[in-house]
Amino acid sequence: MRFQEKIRNYSKEEIWREYCGFLDMSMEEYMAIQRRLMDEQIQIWSASELGQRILRGRMPRTLEEFREMVPLTTYENYADILLKKQDCSLPEKAVLWIQTTWEGGLHPMKTAPYTKGMLDTYKRNMMACFILATGKRRGDFDVAVTDHMLYALAPLPYATGLMPLLLKDEIDIEYLPPVKQAAAMSFRERNVCGFRMGLKKGIEYFFGLGSVTYYISQSVAELERSSGGGSMLGKLKEISPQMLLRYLNAKRKCRKEHRKLMPRDLFQLKGFMIAGTDNNCYKDDLEELWGIRPMEIFAGTEPTCIGTETWSRNGMYLFPDACFYEFIPETEMLRSMDDPGYKPRTILMDQVLPGERYELVISVLKGGAFARYRVGDIYRCVGIGDREEQTRIPRFVYIDRVPDVIDIAGFTRITENSIDHSIRLSGLAIRDWFAVKEFTQANRPRLHMYVELERGALSGMAVNTDVLKEHLSVYFKYLDSDYNDLKKILGVDPLKITVVKCGVFETYENECGKRIRRMNPTQLEISKFLSI
Amino acid sequence: MASYSWVSITALFSYLFLLLAFMVARKTKVIRSFMFLLSCMILAAGGSFLMRVQFWPSVNFWHYVSLLGIVMVPSIFFRFFLDFLEEKRGHGRLFWVLFFGGAYLVNLFTQCFIPTPEVRTDALGNVSFVYHYGWSILILLAGAVCIVVQCTLLFIRYCKGDALILRQLRPVLLGLGIMVAGTALSTLKPLAGIPLDIISSVVFAYLVLYALYRKRLLKLALLASPANCYIVAVLISMAVFYKLVMPLQRYLVGAVHLSQELATLLVAFMLVGVIFLLYLVMKRFLDALFVKDEQSQAETIQQFSRAVSKTLNKNEILTDMLEVIQRMIPVDMAYVCLKEKNGEYTVAQTLSALHNDNFVLKADHPLIAYLTAHDGGVLMEDFACTREYRSMWEQEKRQLKEREIACAVPMKDGDSLIGLVLLPGKRKGKSYTYDDFSLLSSVCSVCSMAVKNSRLYEKAYSEARRDELTGLYNRKSFYESINGLFEQRRDRSLALVMLNVDDFKLYNQLYGNKEGDAALHRIADIIRITSEGRGTAYRMGGKEFALLLPDYDIYSAKLLAESILKQVRNMHESGELYQLKTLTMSCGVCAAPYMASTVEELISNTDFAIFTAKRSGKNRVVVYSEEVKTQSQETKRTSGYDEYASTIVALTATIDTKDHYTFRHSQNVANYASQLARAYGMNQDFVDIIREAGLLHDIGKIGIREDILNKPGKLNDEEYAIMKTHVENSVGIIRHLPSLDYVIPAVISHHERYDGRGYPRGLAGENIPLMGRMLCVVDSFDAMISKRSYKNAMSVDKALEIIERERGRQFDPQLADLFVKLVREKQIEVKN
């Protein structure tokens, strides 16, 4: 039965319990599901060619043996099979393949197989996100067949393109603009068209990367200037009288308050969901713009949709049936970064402690390919359960990517490798460097590079910060289309360059006995470095 | 007026009809609220009717009765509305009851809201009622409006995003609208005289009834209750006779010339007859409409109960159940899964033998967990919405999906799930109804009991054919099977292997019965596992096993028997504890038709073979042959003890050459011990063994130096330590004489003390074998009264005194007392 039929035939309470019932689970019930589903996954994964390659012929029978025998993995462990889309080597046949960029374009695309079981779970969990996004309390939600969603997502084969496909199975929500039409439009056209259709039909949901939704939300004011002249009112002939009234009222209000038109003046969102990184930078502004606070969900290409906030927007809960979760404590993670040979210890969901940060390790359930996979994300456990939400399972907040990856606004993943590559291509006389992710005064993320130039080059080359920035930006864009999109879509220039005194890297190394870490050194290390 | 009366009375009977129906229904909160609402409407309609016909006692009385119903309707409806929405909070429901109740009471005394109507009679004698309302009636109307507003707000809140509640409430709202509109229209002058308010109220009541039915809060079959049939029959008869009584009576008096009294009596009879006839017609009609299916279901279940109570065959019970299900529910397939010993649920029966399909639901299957925790069946689409479903494996989902399972019904015994019925979707895509589930639940609970009984029977049947200790089939089962197998394999072959544990009695005495039982269990496991899939193993008696091997020739049977013997020999190879005695088996093999042509011959030939194996030194496999038969027949003529007697005498003579005291001592100990054992109530076997043990108990002294044995003075510590080794020496010698090893337990423990301070093992109390305790008493006694190299002989009385003194310390008190008594009473003749 589709969701839209369920809302006609079942009570709200029954529907809420079906999709969001995992929030009522005790830790024991949650772990029982995790362990049971993992038992199945161990059997099928270990028997597959992919599993056998990683296991080197061994065959774990229990979860404990599995955690002992399977090392922590990264995409490299799977690349040769997954990039060739070798179905026969997988634990289960893939129904479709989802792709994403891999290390800023230095590698080919990453592809991830999705089985039928994974897609069913994804769908159910996605509906849970919907329900929770529209609810104001436990058991409450407001989803109707006649609703409309402003479409701000990348189409298939990217993971975000799955959402309309899966939701179509459940409810006939209308996308603004329609998915097929949107695929043929530029980003700006899509936004303008979406809002214009929204004016005719209304917008009830909005979902996208935090940074993108922010950018789109700001473009509401552009509605009046769009499509080459003519008053907005003139183009509103087709809209409903109710919306026309609302528009006129909004204009009057904006004039009175001397401010630009904001989406909240025209639309009353039922649900607002955001995903990606750096969402904390945008949440307050988005709430101001739309009148409701966005709800954060966690989804990715490899892990699928694994977590969601609730009506209280007070931390995310991870779905028990999407992946089997392990957590690397922060100290262990840092140690493994400094010593690549070190095998960090992992703990399970029922062992996490409030206040601690963890790197997430997942084993995708239901025939997924990834086992003990380091997703590269850091979470902080903010509590075990919540009295107000009446939950008993751990809550998390997303912190950021792991320190050796710099993710700007969910768009690009910059690594030491990709920066080195850009510097090499640029031919700039940079002797040494380190990069750190920072937030501007306006609370926007940026990449801050500290560079030391070759002594000999200073007299023969024009290498001021502007030149360096310009050059590096060109090659970042060249290597990484996502970086290019930052500028193109969001109009953001995320790079800041600081040139440091010649020889300072060497001095630091002599004084501290080790090189400064190139990616995201600690604040203490940076202060020490800059004080030299 | 006439139409008002008819409509009022019709409305009144309609309400009564509903109220009576609900009286037999299961009373939930919302049903109770609806009954209150009906009661108010009965008061309103009944009061109004009786007022209009100016019934006794007065117009005023009926006016107030009617008013009570009318005034209370809004507050009672509000209560019903909240209960219908399952709203737990009060929302002022008590306030409204008090408000309208209070208003009614105030009005009763002051007539400030609705005064009693003025009765006007026109020239034609028609009576009309005129009400003179004041402004204060607006207070009551305002209250009603407030309730409507409150209901509207609740409706908006509940229906926002909840289409189901909207659908459920639709008939109630429609009814409410009709009632309000009807009441409003009835106040319009052009429509005066048409009782729209009463008609709309009846429509409202029936729409609410429909809403309750849609919400599955009542069954329509309730309407077919006998009380309701009587009401309808009476109502119709009354209506008919109201118009016909007088003309009929006149006709009977005038045309038929009956007397007035007789005519009245006849009319009364006719009335009763018509009521009865109508009742029957009504009942049949309503039964056919609502109850027929239910009755047919009940009959089917009853038949099924009767059928399954007559059989203890599980398959028959399950087949019957599936047939009943198929008869009542249009399905093409059904599976019954029953719980196995390992906790898994396997398919025990399917609807069609053509579709026999063996699948297994694991013990921790989420569907099993759900059905165990809940009563009643579940639709798979509902199950997919549960928390349990989240932990379902994809393979498990596919398993059910491939079989198009749409519904699962538990079979329970108390809280435990003994099985479940899985059904695919109904034919023509129809969905399962509430009635289907109640039928399935009833059938499954009848079947659960029957299956439980059949399993108990199966268990008892199996237990009667199984050996309790080892789990193998028993002797009875052996004789049942061998005849059948012999007949089946008449043209082929059947081998019989008999296995007998060697010296098991000794093993029991050495290690205790518990350890003996464990050893038998292990041996049984070895035999069972080795012969699994090839034949059947039986425990024939204490230490005797048999193996029936269909299609086996003698050579293969011998190889199998040798494999078993080897495993049994190696059973204790790593256990130090078992060094004293390891278990072995003797085995006889015979096979038909090679060496036997009847069952009896096969068994007896195998017996000959095993006997020969025992006599040939045990721990071997002997295949039956004619020589074996001859040899065993000859051997059987001599007794076992006689065979060993010369050996025992020879051995004791050897000691005699070294220690002159000992030969006589051993004879004496043997005599005393056998007499003590007999007096203690032991059988002849025991007496024989203890005699032999008495003769051999000091045989270990062969290994002690003569200077120590015959030393005149007290032994020093070192010499004493050497002397003490004679016990182990004795055992060491006897171990090499397999035919005498059963005396070891007695020999090894004859220097143990009852208080645990003896040697060599320091055993105490009952842990010392009985033979050892007996030997201890008689050995000490004989030692005390004999002359030795190191002491003179003690008097018998003195020795007996010492035995009495040492009872409970060195000696078993019971045996010590018995021995002293036997000596004193001269039942034991003392030889010095």
Side-chain angles (χ1 to χ4, degrees), chain A residues 1 4-26 29-41 43-44 91-92 115-118 120-121 124-125 131 134-136 139-145 147 270 319-322 365-368, chain B residues 84-88 154-170 214-217 361-370 372-374 378-402 406 425 429 431-433:
Chain A
M1 191 185 283
Q4 65 185 47
E5 284 154 15
K6 283 181 191 166
I7 54 181
R8 278 200 292 271
N9 292 295
Y10 293 97
S11 68
K12 258 182 162 177
E13 196 188 332
E14 285 170 314
I15 295 172
W16 196 90
R17 216 183 305 131
E18 176 187 348
Y19 290 94
C20 309
F22 74 98
L23 292 172
D24 293 331
M25 284 177 191
S26 65
E29 288 170 323
Y30 187 97
M31 287 310 292
I33 293 178
Q34 284 263 288
R35 284 177 184 277
R36 189 166 199 279
L37 293 177
M38 195 57 193
D39 281 346
E40 181 191 34
Q41 181 63 13
Q43 277 182 24
I44 52 177
E92 202 156 307
T115 65
K116 187 179 176 304
M118 285 167 69
D120 286 344
T121 310
R124 180 171 167 147
N125 291 338
I131 288 172
T134 61
K136 290 183 178 58
D140 178 49
F141 65 92
D142 185 6
V143 181
V145 189
D147 290 340
K270 285 182 182 178
F319 296 112
D321 51 352
L365 300 168
K366 325 247 172 178
Chain B
F84 191 88
L85 290 173
E86 292 166 36
E87 173 63 48
K88 288 181 182 67
L154 276 167
F155 169 73
I156 291 168
R157 207 189 86 197
Y158 268 87
C159 293
K160 194 178 174 191
D162 199 336
L164 180 68
I165 290 188
L166 181 65
R167 277 178 61 190
Q168 286 175 347
L169 271 177
R170 210 177 281 154
R214 284 288 301 272
K215 215 180 170 192
R216 290 184 176 173
L217 291 170
L361 303 182
K362 287 161 80 80
D364 65 344
H365 195 292
L367 182 61
I368 299 296
Y370 180 87
T372 307
H374 297 81
V378 64
L379 287 174
M380 292 317 291
E381 64 180 34
D382 288 342
F383 176 63
C385 303
T386 62
R387 223 192 279 177
E388 283 85 352
Y389 186 77
R390 280 192 189 261
S391 61
M392 195 132 158
W393 289 11
E394 290 306 301
Q395 180 206 335
E396 291 166 341
K397 288 179 193 169
R398 278 197 295 270
Q399 190 181 57
L400 297 179
K401 202 172 176 185
E402 278 164 11
S431 47
Y432 282 89
T433 62

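Please read all numbers here as calculations on a predicted model, not as lab measurements. Each chain gets a letter, A, B and so on, in the order its sequence line appears, and its residues count up from 1.
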TODO: Identify which part of Gln41(A) has an atom lying under 4.5 Å from any heavy atom of chain B, answering side chain, backbone, both or neither.
DONE: neither
Task: Toward chain B, the part of Asn125(A) with a non-hydrogen atom under 4.5 Å - done: side chain
Open item on the list: Please rank Glu92(A), Glu14(A), Lys366(A), Arg124(A) by heavy-atom pairs under 4.5 Å with chain B and give me the top one.
Closed with: Arg124(A)
Task: His365(B) side chain reached by Met392(B) side chain, heavy atoms, under 4.5 Å - done: yes
Open item on the list: At a 4.5 Å cut-off on heavy atoms, which part of Glu381(B) comes close to chain A: side chain, backbone, both, or neither?
Closed with: side chain
Open item on the list: Counting heavy-atom pairs under 4.5 Å with chain B, which one of Arg36(A), Arg35(A), Lys6(A), Arg17(A) comes out on top?
Closed with: Arg36(A)
TODO: Answer with side chain, backbone, both or neither: which region of Gln34(A) has an atom nearer than 4.5 Å to a non-hydrogen atom of chain B?
DONE: neither
Open item on the list: Less than 4.5 Å apart, side chain to side chain, heavy atoms only: is that true for Asp120(A) and Lys116(A)?
Closed with: yes
Task: Gln43(A), part contacting chain B, at a heavy-atom distance under 4.5 Å - done: side chain
Task: From NZ (Lys401(B)) to CE (Met380(B)), nearest 0.5 Å - done: 11.5 Å
Open item on the list: Using every non-hydrogen atom in the two residues, find where Ile33(A) and Ser391(B) come nearest and quote the distance to one decimal.
Closed with: CG1-CB, 3.7 Å
TODO: For residues Leu169(B) and Leu85(B), determine if any side-chain heavy atom of one lies less than 4.5 Å from a side-chain heavy atom of the other.
DONE: yes
Task: Residue Gln395(B) versus chain A: region with a heavy atom under 4.5 Å - done: both
- [ ] May I ask you to check whether Asp382(B) and Tyr10(A) show a side-chain donor-acceptor distance below 3.5 Å?
- [x] yes
